[in-house]
Amino acid sequence: MKISFSVNGERADLDVEPRRTLADALRDDCGLTGTHLGCEHGVCGACTILIDGEPARACLMFAVQVDGASVSTVEGLQGTDGELHPVQEAFVACHGLQCGFCTPGMLMSACHLLDTKPDADRETIRAEMSGNICRCTGYQSIVDAVERAREGMCVPAVRDSNTAAPWGATFPEE
Amino acid sequence: MKCAPFDYVRASSVEETVKVLGEAAGEGKILAGGQSLVPVLALRMARPAVLVDVNRVPGLSTIRRLDDIVEVGATVRHSRLVEQPEHPLLAEAARWIGHTAIRSRGTTGGSIAHADPSAELPVVAVATGASVTVAGPHGSRDVDAEELFVSALMTSLDEDEMITAVRFARPARWGFAEFARRHGDFALVTAVVTEVRGRPRITFGGVASVPQRATTAEQALADGKPATEVARIAAEEIEPTADLHGSVEFRRGIAAEMTRRALVQFDSEQEHSR
């Protein structure tokens, strides 16, 4: 089945079997291996992406379902000049990852959270991020990172990679 | 694991959906949010020949207030239930469904049709005496929620029927309490206390194969018995089963406490929703 959709602002034209999950299509057909696959049945959250700005498990959707939609993956967070997204910066600064497997999903969930609840307190962050499982960090540093990103962000978290990074985010000194 | 192959039909109307389901003769499944169906496919616990995608069927994603009823379209996402102001109990229950990325995809029609006895919306449907609008090859019919749920993951829907909307009555008062092992997990016990059409209802999720009412406890509540007594009667009345999450006694204990908490909220509610 022929489909067209937007990934991080770029057009993707694919011919896929209906049973191909969006996660597999992103990884294998689009070459965007930043979206990780953990459990492949919607439990771990590693494959969380944004579809038209709403978070979704890429393993629980078929690629044919996003025909005409706009998909944002972790690859779209970095600016065209290689500058990290403020949420990525915060994860680095706070050691919000160890092995990094869950990180793409964590970042996309965090971006959606800060987009929709820019004043989220720590308890809200914990609740909203609870759909993403991490086996390394013990979560404290992840919540720290999201809190830090919240302090540093003053612009929408998700954007087209075609547009220049519009922000000059600053973080409080350590 | 990957799903077994299937034919995919992106339906553009309810009529088309019903027609395709009829032609599939029991081998068809409706794909709405996919948050329960796709894991089942990925684990190959089901291998439908045809998936009918209803996500783009117009007219199924509205929430309408009709006097004392709130009609929720089949493809309304849980995240929208959380935010809508028309039915506060529904909003509270939807908050307990899964996680953010689940709520942004999962649908009302899908949750009701899946009929998981631990899921929140089937319990609320029974607790509010909801009526489920079902479309079939010969038109539309309304089914009481209590008659829709037959057993765990089983409904009285025919294989060529689809849910198009659910009409939840707005309770005059309500209380909701749930216990799960972890945030976002399916409930071990959900207790919902409602006043519908002048009568109190006590409805449980997670303790039987379908959402279960505790009618003896309802009578005790109507008779003005204290909350702890009503909760004790309710917990004795239900017959939960043991599994790896807990013994029968544990579940009864949790059920009594969840009932008590729901009753506290129920008692403190004024007729706020009028």
Side-chain angles (χ1 to χ4, degrees), chain A residues 1-3 16-25 28 37 39-69 105-106 108-113 115-117 120 123-133 139, chain B residues 1-12 28-56 61 75 77-80 82-83 95-107 110 180-186:
Chain A
M1 192 172 168
K2 286 190 164 53
I3 55 168
V16 292
E17 236 189 311
R19 66 166 163 163
R20 193 153 191 78
T21 64
L22 176 58
D24 285 339
D28 299 339
L37 276 169
C39 68
E40 294 193 62
H41 61 275
V43 175
C44 75
C47 68
T48 304
I49 52 153
L50 304 184
I51 297 168
D52 296 330
E54 292 295 321
R57 312 283 209 219
C59 73
L60 292 188
M61 284 193 74
F62 298 110
V64 290
Q65 292 184 273
V66 297
D67 192 19
M106 288 286 179
M108 300 316 285
S109 292
C111 282
H112 176 260
L113 165 60
D115 248 6
T116 52
K117 295 180 178 165
E123 203 48 47
T124 306
I125 292 170
R126 290 181 63 89
E128 290 288 317
M129 299 292 290
S130 65
N132 294 74
I133 293 174
Y139 300 104
Chain B
M1 218 148 90
K2 310 296 180 190
C3 305
F6 53 81
D7 288 333
Y8 172 82
V9 178
R10 185 182 294 143
S12 51
K29 286 296 266 183
I30 292 174
L31 173 62
Q35 303 302 291
S36 298
L37 176 64
V38 180
V40 167
L41 299 181
L43 298 168
R44 299 212 178 188
M45 289 155 68
R47 295 173 180 236
V50 184
L51 283 196
V52 195
D53 185 348
V54 296
N55 282 285
R56 301 193 193 193
S61 58
T75 58
R77 316 277 174 195
H78 304 322
S79 52
R80 277 189 58 214
V82 173
E83 287 161 12
R95 262 178 218 111
W96 288 80
I97 303 173
H99 306 281
T100 310
I102 304 285
R103 291 192 292 272
S104 66
R105 293 295 310 166
T107 65
R181 286 286 188 190
R182 294 169 304 182
H183 189 102
D185 276 4
F186 276 103

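Numbers restart at 1 for each chain; the letters A, B, ... are given by sequence-line order, proteins then strands.
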Query raised in the report: Between A:E17, A:Q65, A:R126, A:E128, which has the largest tally of heavy atom pairs under 4.5 Å with chain B?
Result: A:Q65
Query raised in the report: Hey, which of A:H41, A:R57, A:M129 has the most heavy atom pairs under 4.5 Å with chain B?
Result: A:R57
Query - Gap between atom CD of B:E83 and atom OG1 of A:T116 - 0.5 Å precision - result: 8.5 Å
Query raised in the report: To the nearest 0.5 Å, how far apart are CG in B:D7 and CZ in A:R19?
Result: 12.0 Å
Query raised in the report: Is it the case that more than 12 heavy atoms not belonging to B:M1 sit under 6.0 Å from its CE atom?
Result: yes
Query raised in the report: Counting only heavy atoms not in B:K2, do more than 12 fall under 6.0 Å of its NZ?
Result: yes
Report task. Flag the pair A:F62 / B:D53 as yes when at least one side-chain heavy-atom distance between them is below 4.5 Å, and no otherwise. Result -> no
Query raised in the report: Hey, which of B:G98, B:P5, B:C3, B:P39 has the most heavy atom pairs under 4.5 Å with chain A?
Result: B:P5
Toward chain A, the part of [X] with a non-hydrogen atom under 4.5 Å:
{"X": "B:R10", "answer": "side chain"}
{"X": "B:L37", "answer": "neither"}
{"X": "B:R56", "answer": "side chain"}

Report summary line: Closest heavy-atom pair, B:Y8 versus A:P18, reported as atoms and distance to 0.1 Å, is CB-CB, 3.5 Å
Query raised in the report: Closest heavy-atom contact between B:V38 and A:L60?
Result: CG2-O, 3.5 Å
Name the atoms and distances for all side-chain donor-acceptor pairs under 3.5 Å in residues 46-56 of chain A, with sequence neighbours left out.
from  : atom 1 : to    : atom 2 : distance (Å)
A:T48 : OG1    : A:G45 : O      : 2.7
A:D52 : OD1    : A:S70 : N      : 2.9

Query raised in the report: For A:D67, is it the side chain, the backbone, both or neither that has a heavy atom under 4.5 Å from a heavy atom of chain B?
Result: both
Report task. Please look at A:C59 and chain B and tell me whether the side chain, the backbone, both or neither of the residue comes under 4.5 angstrom of a heavy atom of that chain. Result -> backbone
